[in-house]
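No experiment lies behind these values; they were computed from the predicted model shown. Just so we're on the same page: letters track the sequence lines, and every chain starts at 1.
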Amino acid sequence: MAEAYSLDELMVVEASRHISDWDTVMVGTGLPMVASLFALKNHAPNMCYVVETGGIAPEILGTPSSVTDARVMYRAVRHGSLLDALGGVLQRGLADVAFLGGAQIDQFANVNSTVIGDYNSPKVRFPGSGGANDLASHAKKVLIITRHEKRRFPERCDFITSPGYIDGPDGRKRAGLTSPYPDIFVITDLAVMAIDKSTGRLRVEALMPEVSLERVKENTGFELPDGDTEPVEPPTEAELRLLREEVDPGGEYLKTPE
Amino acid sequence: MAEAYSLDELMVVEASRHISDWDTVMVGTGLPMVASLFALKNHAPNMCYVVETGGIAPEILGTPSSVTDARVMYRAVRHGSLLDALGGVLQRGLADVAFLGGAQIDQFANVNSTVIGDYNSPKVRFPGSGGANDLASHAKKVLIITRHEKRRFPERCDFITSPGYIDGPDGRKRAGLTSPYPDIFVITDLAVMAIDKSTGRLRVEALMPEVSLERVKENTGFELPDGDTEPVEPPTEAELRLLREEVDPGGEYLKTPE
Amino acid sequence: MTRKASNKVMTAQEAVKRFVHDGATVGMGGQSIGRCAMAVTHEIVRQGIKDLTLVGCNLSMSMDILVGAGLAKRTECGTGNLERFGTTFRWRKAIEDRTLEVEDYSHLAMASRFLAGSLGLPFMPSKSMLGTDILNKQIANGSDAFRVIDNPWDLDEPVVLLPACKPDVSIIHAQKADQMGNIIIEGFTTQEPEMVKASSSVIVSCEELISSDEVRRHPDRTTVPYIFVDAVVVQPWGSFPTSTYGHYEHDPEHLRRYQACARPGGEAYEEYLREFIYECENFDEHLDRAISSARREELRASMQKLL
Amino acid sequence: MTRKASNKVMTAQEAVKRFVHDGATVGMGGQSIGRCAMAVTHEIVRQGIKDLTLVGCNLSMSMDILVGAGLAKRTECGTGNLERFGTTFRWRKAIEDRTLEVEDYSHLAMASRFLAGSLGLPFMPSKSMLGTDILNKQIANGSDAFRVIDNPWDLDEPVVLLPACKPDVSIIHAQKADQMGNIIIEGFTTQEPEMVKASSSVIVSCEELISSDEVRRHPDRTTVPYIFVDAVVVQPWGSFPTSTYGHYEHDPEHLRRYQACARPGGEAYEEYLREFIYECENFDEHLDRAISSARREELRASMQKLL
């Protein structure tokens, strides 16, 4: 009998599964950092973890609290600058995967991390792009991790900080982005959504255990098409142990089940 | 009674006098390297010698034979790249002085180091710009050192590799150069010529000992206006000793008098 | 102006007096909870230098203090936050209240603007921000900072041009410097190499003053040579409560204490500024109030374990 | 293509076979009489890989050999020469005979083109070459490589745009590398950091293979990380007769010997190629023919005195 786990935990484990061994992965802060660290320690020991602060292929120590944390620089093969990482690796086209979070994600997988309300008279101001726009613009595959709440999934973002498919299947191409048709996955505590390249819109690909497509739809502010879904594999005991004991031992990012 | 010296030696000493202590000087290869090294050891101990290969403020060991020679990197405060030196110091506007040589120099102090004859069917092909174009384009003051032969001073260069005043007083400004009105000095074994900013043309400012303006004119392919000239100070014994014993001890660059 | 090989060691007080002026554009070193130039920032607050435009990639606690103290009129940056320790609350409030001008960029876009400045170029191309509101809404707002042109070698390819960013003065905290102003930054370097080289003046505070002889023994390790630097302030713990790689970790306690005052603002925030900045003659006095020596040892030991 | 952390150590023979192809654009490491990638160059000559476009800032003896051996169809560079040791005679002759296409740049212009390539940008602005024939005659010749536009923020200011230069393969010689391909260049780095990062494939020969553990102990010293590198060739003396900073000085004797053959060309040059390249199975055999062990000790000792 498998151990109890929280959907937050499974979300992180499932997100990590979208990283393959040997991938070069450009990693944002927060949950992306946790899920990438999990991948590195679990099934992708040869991945090249790249931090926007410039570290290349660090071995990473448990639970960094910032991209400037010495834990994300541990035994890197090179320390460098923002320009090296975001320009010389990412914009240069060498990131297989980029991994970010976001406050709002819309049906085209555009991400808003700038503002709720009007840009010129904001209701709530968020931190802004940081490296997120760069990550979403230049990687071959984009992973977005966020908790599934209706307000986080509006039909249109109040402000597009980081491009998804913008407004349809050829939106990125028209905008002139160098990576015009990337795979994009949105991994939440309820489901995995992916861009359908024929529409440029998100659809549900997989559901967390005991979560129905209906429940996902109820918690999503834009329309999701019906279609086949797969169940997300629960975490193994070994995965849970790794997550709890090495990746986030203090539970700084993830709650374990009560 | 002063020691005998060659005009080659005086040319180098005189050229060095155009470098002041504390100047940041971007130095090309050959005689500019020798004259700048002389300035550093003689009267400008605090100058910042910058080599295009990236060395900043090296202390320099005697007679380097190349900008890649370890002698020009000796005890630098930083090693770097071509981009650091030519982009980050020179184009950035931080060079007080740039110091170069050249195969042809015309009346506007334009320099040719590319080709004799037509560019598309060359009589003689030279090495090309190297950093010379960058030096002449971006420094606040430009020093050019060369032996005085008529064929080296044509009315118009066969090919403008490095800009002087191009075609008149506002030639550089019109071309869009960031340093539109630099001082330019041409130091030879016969004379010191300088740009007259009202005409954008070279005129003789100083004459080597026992050299007449007539002799300079005979050895120059373009017209030189009459006007006041000063005599170039002969080198002191201490200067000659420094030149011969520390700067070019093997006589690799300069012949001493027979 | 060319900076010379003279002795540039001075107090933060003198450095700020000489190189930071009302209305200046200030390049902010550090990022998030790492290596922010806190000592120099405090001195700017004490001297009340105002109408500042703060520029950088991630602006963090040092920026938030200058905004909170009412000294900033504008920011140009990629983010304002302290990651796990929350957002920059005084900055957020000032934007929501529309008392602060902001220009938004991606981190790469800001780094690219500094790169242009560091190379003496008027602008830098970028392939970021295309198709987004960072570009579109700011252009619609009449911002002069974004141009989209066709790549002359592929007319189907739009390219963003961004104007060079050349701060009047940059303030950074580094591990090492010598008295000439040669700087060694260890670990991550953020946008600082390009930003510093793009700046008209540069103030560096450092954990450790080393000899120029040591610099000349390892010229490969110098991050920025002295020709870009104007003032060297020797200030151990100069980035507290943010970390300095190799020296000490960030201090979660003091970061939370600041955030607890910055979030509500008002009296709580005024009290923070009074207790920890205005009433302190210098940064050492701030440190005496803010952190015990036992705690300092802990943060040093904690960093040592991560190297 | 993304390069992985696998073991990339191989012979020059294998590296050239896998990564240098007929018609390739080849980025040339080193400069003048310093750190040219001679071992890899010799292997290209032995394998007769042809129709090459050679790119770099200062192209030197390695370029001259490829031109002299009839393998180059074009160069794009800032200079061809060996400074005190004379010009690159085979290159000069080929240009004068109009058997080689050339595109001329300043050194900064070429470095800027590599910078664009290394950042994934289609072009880079430049303020060099304005008002000169490098620009004007090549534009008049119909070259597609130069555009002059107005600075959008100051319409009175012309700015040159240069297209990114992205070599198919770069060949460089470094002091140190590990088997993953992390590279440490000591001393001057020429245009190599940008050129290497702009390239689709990279072959590095090195004086010394170090452990990845050593690389990870000093991440501040890595010049280029492994994600840009495809092949590591361990070849002490791999830049002979040019120098490798920290290891050995250039060898004036062999440089003069080469120049004495390159200047006249013809039989003398064919003989040089035969004796020192074609008849050698590998670079070690070349070294055995070209320099005695006593002389090697002299050049090593001579470099040690300069450090």
Geometric class of the Phe240(C)/His254(C) ring pair [parallel <30°, tilted 30-60°, perpendicular >60°]: tilted

Given Leu306(C), Asn151(C), Thr189(C), the one with more heavy-atom pairs under 4.5 angstrom with chain A than any other is Leu306(C)

Of the listed residues (His79(A), Arg174(A), Arg125(A)), which shares the most heavy-atom pairs with chain C below a 4.5 Å separation? Arg125(A)

Interface moiety of Asn141(C) toward chain A, non-hydrogen atoms closer than 4.5 Å: side chain

Which portion of Leu115(C) sits near chain A, non-hydrogen atoms under 4.5 angstrom: side chain

Face-on cation placement of Arg35(C) at Phe188(C) ring, 6.0 Å and 45° thresholds: yes

Would you mind telling me which of Met303(C), Glu194(C), Lys93(C), Met110(C) has the largest number of heavy-atom pairs within less than 4.5 Å of chain A? Glu194(C)

Pick from Asp104(C), Ile185(C), Asp156(C), Val159(C) with the largest number of heavy-atom pairs that fall under 4.5 Å of chain A: Asp104(C)

Does any backbone or side-chain atom of Tyr105(C) lie under 4.5 Å from a heavy atom of chain A? Answer side chain, backbone, both or neither. backbone

Most contact-rich option vs chain A, by heavy-atom pairs under 4.5 angstrom, among Gly187(C), Ser243(C), Ser126(C), Gly34(C), is Gly187(C)

Output the option from Val72(A), Val67(A), Thr114(A), Asp69(A) having the highest count of non-hydrogen pairs under 4.5 Å with chain C. Val67(A)

Has the side chain of Lys173(A) got a donor or acceptor atom that lies under 3.5 Å from a matching backbone atom of Ser179(A)? no

Please determine, among Leu90(A), Val124(A), Asn112(A), Asn110(A), the option with the most heavy-atom pairs under 4.5 Å with chain C. Val124(A)

Looking only at Gly80(A), Gly87(A), Ser137(A), Ala132(A), the option with the highest number of non-hydrogen pairs under 4.5 Å against chain C is Gly80(A)

Who among Gly80(C), Pro193(C), Ala109(C), Ala111(C) has the most heavy-atom pairs with chain A under 4.5 Å? Gly80(C)

Engaged part of Glu252(A) at the chain C interface, taking heavy atoms whose separation is under 4.5 Å: both

Looking only at Asn120(A), Leu177(A), Thr161(A), Ile166(A), most heavy-atom pairs under 4.5 Å shared with chain C are made by Asn120(A)

For Thr79(C) and Leu59(C), indicate whether the former's side chain and the latter's backbone hold a donor-acceptor pair under 3.5 Å. no

Using modelled atom types only, decide if a donor and an acceptor are shared between the side chain of Glu207(C) and the backbone of His173(C) within a distance under 3.5 Å. no

I need the residue from Glu192(C), Lys137(C), Lys305(C) with the largest number of non-hydrogen atom pairs under 4.5 Å to chain A. Lys137(C)

Does any backbone or side-chain atom of Tyr119(A) lie under 4.5 Å from a heavy atom of chain C? Answer side chain, backbone, both or neither. side chain

Hey, can you tell me if Phe153(A) and Phe222(A) have their rings parallel, tilted or perpendicular (30° and 60° cut-offs)? perpendicular

Consider only side-chain N and O atoms of Ser66(A) and Glu83(C), and report whether a donor and an acceptor are under 3.5 Å apart. yes

